[in-house]
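To start, the structure under review is shown below, and the notes come after it.
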Amino acid sequence: MESVLSSLQNDIQKFAETISEIIQIDVEIMDKNFIRIGGTGNLKNKIGESMTRESHIYKKVLETGKEFVILNPKKEEHCSECPNIKNCKEKLEVSTPILLKSEVIGVIGLICFDSTQKEEFIKKKDKYLNFLRQISSLISSQVSLSLESSFTQNSILHVANSTTGTLVKDFIFYSDSMKNLFERINKISKNPSTVLITGESGTGKEIIARTIHMNSHRVNQSFIAVNCGAIPEALLESEFFGYVKGSFTGADPRGKIGKFELANKGTLFLDEIGDMPLYMQIKLLRVLQERKIIKIGSNELIDIDVRIIAATNQNLEKLVETGEFRKDLYYRLNVVPIEVPALRNRPGDIIVFAEYFAAKYANLFQKNFVGIAPSVLEAFQKYSWPGNVRELENSIEYMINLMGDNGVLSLNHLPTKFSNFETEFNFQEKTLKDMEIEMISTLIHRYGHSTESKKHISKILGIGIATLYRKLELYNIKH
């Protein structure tokens, strides 16, 4: 019988690749039927195969629901009954359960054959284990949502190898704060209540509004977005309510349909609602109360059925106190409040976004993208990102423009604004050897360990295959 994890195999594989990108160790994800659902490196070629003969620790995880961290394979008590103990070459194994309520539905496994990678893991053990638990929780949430909702096409997580080239109908994250926000969105989407989204500029408020619309019963109707701060004040009323022909000098002789009418039966997204002038606030309040509009130059009332989602980066409560925003309108809009956390407060999402945008722009510019150097990811996580996701996307686009044929984004591709924070980042001077090890390791991780993969890697590096093998041996890189 097909497991719930196997029905989400594409998403599970993306989770596996995300984990491996961040922790730099091969990953496999197994369902409760002992079938490998996801894998990286050499394990990717074994997806779909049974793991019954090679899952001694995984069996214990399925039985107990506990996490196992084996730092010394063959020597630890848990390994003593393993039938493959004599042939075991592993340096490290981590097995984290995937739970759906109280049932274990699968296992995330880290498999390490390299001593250097093992040492790096041990240094950041607590951080990495917490990350694995978060991913496990995300998988569990996605399974739960797929069982409960008919809108399973809205995946919780999309990672760097996605090539859709857009962030619209997509919700990208792995942080707990955004996971909680997503779960809240899923609950409120089906209802017609007005939503007020707050958060700094560039946090993705419109994406959240579109996600609400796409998960609502209005999904097959229009989603109309209006930036209240971008429309000249003299045109606001005609933009919102439209006008009949001959209404005023210079009017379109055919008349105009306003945003409310365009959004009828659907969703109207009012971005930067805090910039709306007071006289329009009064008119908007009346529409929200009466659910009717009147076009300019007409006396005819038009019934409308529109769900309102408003957004702002301003503090509306303070604007109410200073008389710049109507209190009654504020309470009409603030029925279901949603606050989007700044990117600097969810550093884990930075990595996921960086990989996603890098793949997006590499695909757009038809460039080969191999990966982002760990030192760059460290810099990204320490930067404050005042422009949030929008600033990160712009930075990645800039870096992809500068990226060389090796397909690796490194420190020398960072925008100039990062040079002002060199002391804060505490970047270490890297030797040519360090950079070579980093590049070769990244390429091996990206393309795998087969002979054909190494031939491809040697072409990327511009060296012969024999030279590549010599460097692999010299630097003790797993191959």
Side-chain angles (χ1 to χ4, degrees), residues 14 17-19 21-22 131 134-135 138 155-179 181-182 197-211 271-272 311 313 338-365 367 369-403 407-422 424-425 427 442:
K14 291 173 182 177
E17 291 171 354
T18 299
I19 296 169
E21 286 287 345
I22 294 172
F131 173 58
Q134 289 179 355
I135 293 292
L138 280 175
S155 299
I156 288 181
L157 176 66
H158 293 272
V159 293
N161 59 347
S162 170
T163 55
T164 58
T166 177
L167 286 180
V168 176
K169 299 189 186 173
D170 288 343
F171 207 79
I172 303 175
F173 66 89
Y174 88 76
S175 64
D176 283 343
S177 59
M178 293 302 285
K179 174 195 169 188
L181 190 150
F182 181 85
I197 305 171
T198 58
E200 294 180 6
S201 179
T203 50
K205 296 186 286 294
E206 182 172 343
I207 293 171
I208 290 173
R210 288 183 182 273
T211 302
D271 199 9
E272 305 302 345
N313 60 7
I338 289 179
E339 183 176 0
V340 189
L343 187 60
R344 63 182 169 275
N345 295 329
R346 42 189 175 109
D349 291 341
I350 294 172
I351 296 175
V352 178
F353 271 117
E355 294 280 0
Y356 178 90
F357 290 134
K360 168 185 172 179
Y361 285 105
N363 180 65
L364 184 64
F365 302 155
K367 286 192 167 189
F369 170 62
V370 172
I372 303 176
S375 52
V376 172
L377 294 177
E378 181 183 0
F380 280 171
Q381 289 191 301
K382 290 181 178 178
Y383 182 61
S384 61
W385 299 109
N388 290 289
V389 179
R390 189 179 298 125
E391 182 185 8
L392 175 57
E393 180 173 8
N394 291 343
S395 297
I396 291 291
E397 181 179 0
Y398 168 85
M399 294 174 72
I400 292 293
N401 271 285
L402 299 182
M403 183 177 68
V408 177
L409 291 181
S410 53
L411 289 175
N412 61 320
H413 298 135
L414 286 170
T416 53
K417 62 188 174 187
F418 283 86
S419 62
N420 299 326
F421 296 88
E422 187 170 352
E424 177 188 342
F425 289 155
F427 292 146
T442 301

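On a predicted model such as this, the values are computed, not experimentally measured, just so you know.
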Atom pair [atom1] ([X]) and [atom2] ([Y]), whose distance is rounded to the nearest 0.5 Å:
X: Glu355; Y: Ile396; atom1: CD; atom2: CD1; value: 8.5 Å
X: Ser410; Y: Met399; atom1: OG; atom2: CE; value: 7.0 Å
X: Lys205; Y: Asn388; atom1: NZ; atom2: CG; value: 8.0 Å
X: Tyr398; Y: Leu409; atom1: OH; atom2: CG; value: 12.0 Å
X: Ser201; Y: Glu272; atom1: OG; atom2: CD; value: 6.5 Å

query = What residues, two or more places apart in sequence or in another chain, satisfy side-chain hydrogen bond (donor to acceptor under 3.5 Å, both in side chains) together with Glu206?
reply = Arg210

Close side-chain approach of [X] to [Y], heavy-atom, < 4.5 Å:
X: Leu181; Y: Ile208; value: yes
X: Phe357; Y: Glu397; value: no
X: Val389; Y: Phe353; value: yes
X: Thr198; Y: Asn313; value: no
X: Lys417; Y: Glu391; value: yes

query = Going through the distances and angles, do Met403 and Val408 end up as a side chain to side chain contact (heavy atoms under 4.5 Å, CB included)?
reply = CA-CA 7 Å; Met403 183 177 68; Val408 177; over 6 Å; no

request  = Carefully, step by step, assess Glu200 and Arg390 under the rule salt bridge (Lys or Arg N to Asp or Glu O under 4.0 Å).
outcome  = CA-CA 11 Å; Glu200 294 180 6; Arg390 189 179 298 125; over 6 Å; no

message = Looking only at the side chains, is there a donor atom on one of Tyr383 and Glu378 sitting less than 3.5 Å from an acceptor on the other?
response =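 There is no such pair between these side chains.
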
message = Minimum heavy-atom separation for Trp385 and Ser395, please, with both atom names.
response = CZ3-OG, 3.6 Å

query = For the residue pair Ala209 and Ile197, what are the closest heavy atoms and their distance?
reply =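 Heavy-atom minimum between the residues: N-CD1, 3.9 Å.
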
inquiry  = Has Arg346 got a side-chain atom pairing as donor or acceptor with Pro341's backbone, closer than 3.5 angstrom?
reply    = yes

ask   = Is there a salt bridge (Lys or Arg N to Asp or Glu O under 4.0 Å) between Lys360 and Glu393 once you walk through the steps?
value = CA-CA 10 Å; Lys360 168 185 172 179; Glu393 180 173 8; 2.8 Å; yes

task = Go through the steps to decide whether Leu343 and Thr203 satisfy the test side chain to side chain contact (heavy atoms under 4.5 Å, CB included), and finish with yes or no.
result = CA-CA 7 Å; Leu343 187 60; Thr203 50; over 6 Å; no

key: Mutual orientation of the aromatic rings belonging to Phe418 and Phe380 [parallel < 30°, tilted 30-60°, perpendicular > 60°]   =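 Tilted, since the angle between the ring planes falls between 30° and 60°.
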
